[in-house]
Amino acid sequence: MKRILVLALCVFTLFGLAGCAQSANTPQTASKQDQPLVIATSADLGSIDPAVAMDNAAWKISYPAYDRLVNFKGSSTDVEPSLAKSWDISADGLTWTFHLRDDVKFADGTPLDAAAVKFSFDRLLKIKKGPSDAFPSLENVTAVDKNTVLFKLKTVFPPFLSTLATNGGGIVNPAVMKHEKDADMGQNWLATTTAGSGAYVLAEWVPEQSLKLTVNPNYWGSKPKLNTIIIKIVKDPSAQRMALEKGDVDVAENIPVDQLKELKKNPDLTIFETPSLMVDYVYLNTQKAGLKNPKVRQAISYAVDYQGIIDNVWQGNATQMRGPIPNGLWGYQPDLLQYSRNVEKAKALLQEAGVNNLTLNFMYSDRKPWWEQEAQIIQSNLADIGIKVNLQKIAYAAQREKIDKGDFDLTIGVWSPDYADPYMFMNYWFDSKNFGLAGNRAFYKNDEVDKLVRKAASINNQTERIELYKQAQQLIMQDAPYVFLVQKKYQLPMRKSVQGFVFNPMLEDMYNFQAMSK
Amino acid sequence: MNTSKFVAKRLGQLVLVLLGVTLVTFLVSHVVPGDPARMLIGQRADEQTLAAMRQALGLDKPVWIQYLNYLWGLIHGDLGTSIRTQRPVLNELLSFFPATVELTLFAMGFAVSIGILLGLLSATFRDTLTDHATRILAILGVSTPLFWLGLMALLLFYKYLGWLPGSGRLDPLINPPTHITGLYVVDSLISGDWIALKSSILHLVLPSLCLGYIQLATIARLVRASMIEVLELDYIKTASANGIPRSRIIYRHALRNALIPTVTIIGLTFGELLGGAILTETIFAWPGMGKFVVDSISFLDFPAIMGFTLVVATVYVLINMVVDLLYPLLDPQIKGVH
């Protein structure tokens, strides 16, 4: 009896607290245009500060919340005016003058002017995290008058205009400095909130559960059709699939390729498909004794069963790469040498190189679910030409560390460009200044190639650059420092009701929310 | 030894256990290759940026200094800053802990109540159809992988029947109830937020039943076994011979004794449930500590991993202490065990 009394007392005390607490929900009837667009994604986001965030998952939020001087145009690799109405380049290619729109306000109502642009780039360079890498030659930014801003470069950097359209080029409200702590330029505060002029603002973030974007009332562009966007974190791919089929989510990002075939049969769903610029390739550590000889590397490139990988791993949703630059980006060479499986030739090359009983380690991680399958196929392909491959699966963080130190024989990775310039491939992958994680993960050094790619990065003339990159690519294909596997097709299953989605290959896993509807 | 002395001794042991846990976790997470600073700055940053980041995170110092710094922070209630989210680990854990506790408590309530009931039925109607059915149910529970069970439950109750929601703690359009305890059910009850209450209870059903089912099986089997054992004892026979009704013998005389080993298991179960919650949270997109720690592990975010380990270790030790304290209540004979 006593216990019951105590229990009753507890319950009453709890209800007593009710007076202090306000109910957060009232019964509501939602109208059609208030229906949110719901996107399921597999992991919660890290910092969404444009000067800090380095992955597309976080850019999904920051890209529509901030504006940039220029934007990628539709699904193309060109840029179009955004905050900047127009721009001029000095004859030496070092000074860029941008003329800003004068009707832009940040979400809090303060005007966006040249000072805010200068502030954003000063902040980006001072914080000096990943996103600032896209601006290696930027010397300084000056606000000439309210609507004119001047960028001074140290050296000619041809991709410059394109880099302004990356997420790191987002213009941040200088008011963030009110939230500065320990001289962090407001990084801590901006990690979980937005302070831009884009079409949407981050309204709510329940960690590991969901993020909610709502329309920016002060947005200068045309009013978005969707009032609310919800990003829901659903880790398990099967759970995502069920939620999509039921209509609880409109877009599901992480459904494996082999399940998409089934989803195509569902009349309520559509699979958005388009070629992407994301490539999947194997790094051969050219500094390792067994892999020093280009003939051995050619033999490996000839041994791999590209079609088998496309058919089995990708179920046909990928194409074989032809050289480093993917199809769809300028600089791609349609007549470049493309390796195909030729066991006899591979064996002959090994013999010429005088190599037998070669044993190599193939290191990979579970970062991408398809790597294991590809590693196994390549293991058996290389066994066919007498190379023994030991598979070595390690944690992703460890894989990155070992790549950086060159502590591997073979390993695998993906790459997609942040801005639309072959520089993203040619200079990152092959310039011997970029050994390790920085991009040259084959530790490849060819003085002639160094000269060509560096020259191509120092002039603005596109025709000349294409020619330089072409010569470099021809040398590279003979040296075979990587096995150029596949260029992935971008596939995104969504409800049929979702309209207006445009995919830009530079903005993978991101959305043009302001033009979408449901 | 009296109760307060016992509690003091246990708390003293807790400090030692936690010290050991920090040492082991710290060493393991630092021996593993991989550099969280690299993960943070993106893949194309140069050496200088990397060095600056390592310095900012304190990763440039020798490991033992890093460890002492960590302990020093710990004494002051500072669990460090998560490398991945850049927020204080303590705040992160506090924000995810209630979700996990809520899930675990519901799973536990389900497992204990139904588990004891089934065990009891099974023992009382030994070798009948009820017994066999219950035992099959229990064996299935012990041998079913959690992820499979979770997916099947989702398929049936969420996708085909549509009775229950499949992911998260609340409908995304419903605002979380006013934060009081962090347990949505309790909070929405207190603030009279019936919409949130309904949604949060519905969201709890599938994950807590799945998580609880496996423990339910263990409990049911244990209760059955100890009930059968107790029912064979002389005092039960005496009671029977004295004409005491069977139902009274079972509930009053036998069950109480049979529950003593069960209480121990329930204590251990709580720890297992906290661990099992990691998998359940992944399948049902439950925003608890499990999901947080899985993401942290893949990032090698050791302050977060250590914070999680510490919390689980603390809870585990405390629960076992409570279990030990419960024995004398169940069985007045046990006084000297402490």
Side-chain angles (χ1 to χ4, degrees), chain A residues 14-15 17-18 21-28 30 36 38 40 43-44 46-47 52 54-55 128-133 187-188 191-192 204 206-210 212 228 230 232-236 238-239 242-243 245-246 248 367 394-402 404 428 434 437-439, chain B residues 32-36 38-46 49 52-53 84-87 92 95-96 99 147 150-151 154-155 158-159 162 165-170 172-178 180 186-187 189-193 195-196 281-285 287-288 291-292 294-295 298-300:
Chain A
L14 281 177
F15 274 100
L17 285 169
Q22 274 289 314
S23 165
N25 289 293
T26 42
Q28 47 192 296
V38 186
D44 203 2
S47 170
V52 177
M54 264 320 276
D55 65 301
K128 211 178 172 332
K129 288 190 176 159
S132 68
D133 287 351
Q187 278 181 67
N188 200 29
T192 54
E204 183 186 68
V206 187
E208 300 288 342
Q209 182 161 299
S210 61
K212 195 196 277 177
T228 313
I230 289 171
K232 205 172 166 194
I233 295 139
V234 182
K235 208 172 201 79
D236 188 78
S238 311
M242 281 185 232
E245 291 192 275
K246 258 207 111 223
D248 284 348
R367 173 76 170 183
I394 58 176
Y396 179 57
Q399 185 196 12
R400 292 178 55 125
E401 171 122 339
K402 281 166 173 279
D404 197 45
Y428 276 104
N434 290 332
L437 264 187
Chain B
V32 175
D35 185 347
R38 274 246 170 252
M39 301 291 286
L40 210 56
I41 53 174
Q43 52 178 348
R44 294 156 192 154
D46 57 23
T49 317
M53 179 59 82
R84 182 173 60 98
T85 65
Q86 295 285 294
R87 291 186 283 265
E92 293 282 36
S95 74
F96 296 123
F147 67 89
L151 285 178
L154 269 182
L155 208 58
Y158 168 65
K159 191 177 166 200
S167 62
R169 287 179 85 185
L170 273 186
L173 288 179
I174 293 178
N175 296 317
T178 319
I180 301 162
V186 177
D187 287 355
L189 204 60
I190 293 173
S191 52
D193 190 340
I195 296 173
E281 286 173 7
T282 303
I283 297 167
F284 292 98
K291 264 183 99 190
F292 172 69
V294 168
D295 285 344
S298 53
F299 211 94
L300 213 68

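Lettering of chains follows the sequences in order, A, B, ..., and the numbering in each one begins at 1. Only a predicted model underlies this, so the values are computations on that prediction, with no experimental measurement involved.
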Non-hydrogen atoms of chain B under 4.5 Å away: do they reach the side chain of [X], the backbone, both or neither?
X	value
A:D404	side chain
A:E245	side chain
A:Q187	neither

[X] to [Y] - nearest heavy-atom pair and separation:
X	Y	answer
B:L151	A:M242	O-CE, 3.8 Å
B:A285	A:I233	CB-O, 3.3 Å
B:P287	A:E208	CB-O, 3.3 Å
B:I283	A:A239	O-CB, 3.5 Å

Kindly indicate whether the side chain of B:R169, heavy atoms from C-beta on, has any atom under 4.5 Å from the side chain of A:V206.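 No, every pair of side-chain atoms sits at 4.5 Å or beyond.
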Are any non-hydrogen side-chain atoms of A:D236 and B:F147 less than 4.5 angstrom apart?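 No - every pair of side-chain heavy atoms lies 4.5 Å or more apart.
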Any idea which of A:G46, A:A243, A:A43, A:A40 has the most non-hydrogen atom pairs under 4.5 angstrom with chain B?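 Between A:G46, A:A243, A:A43, A:A40, the count favours A:A243.
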Partners meeting salt bridge (charged side-chain N to carboxylate O under 4.0 Å, His left out) with A:K402 (sequence neighbours left out):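 Partners of A:K402 under the salt bridge (charged side-chain N to carboxylate O under 4.0 Å, His left out) test: A:D407.
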Non-neighbouring partners of B:F292 that pass ring pair (Phe, Tyr, Trp, His ring centres under 6.0 Å), sequence neighbours left out: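 So B:F292 forms a ring pair (Phe, Tyr, Trp, His ring centres under 6.0 Å) with B:F96.
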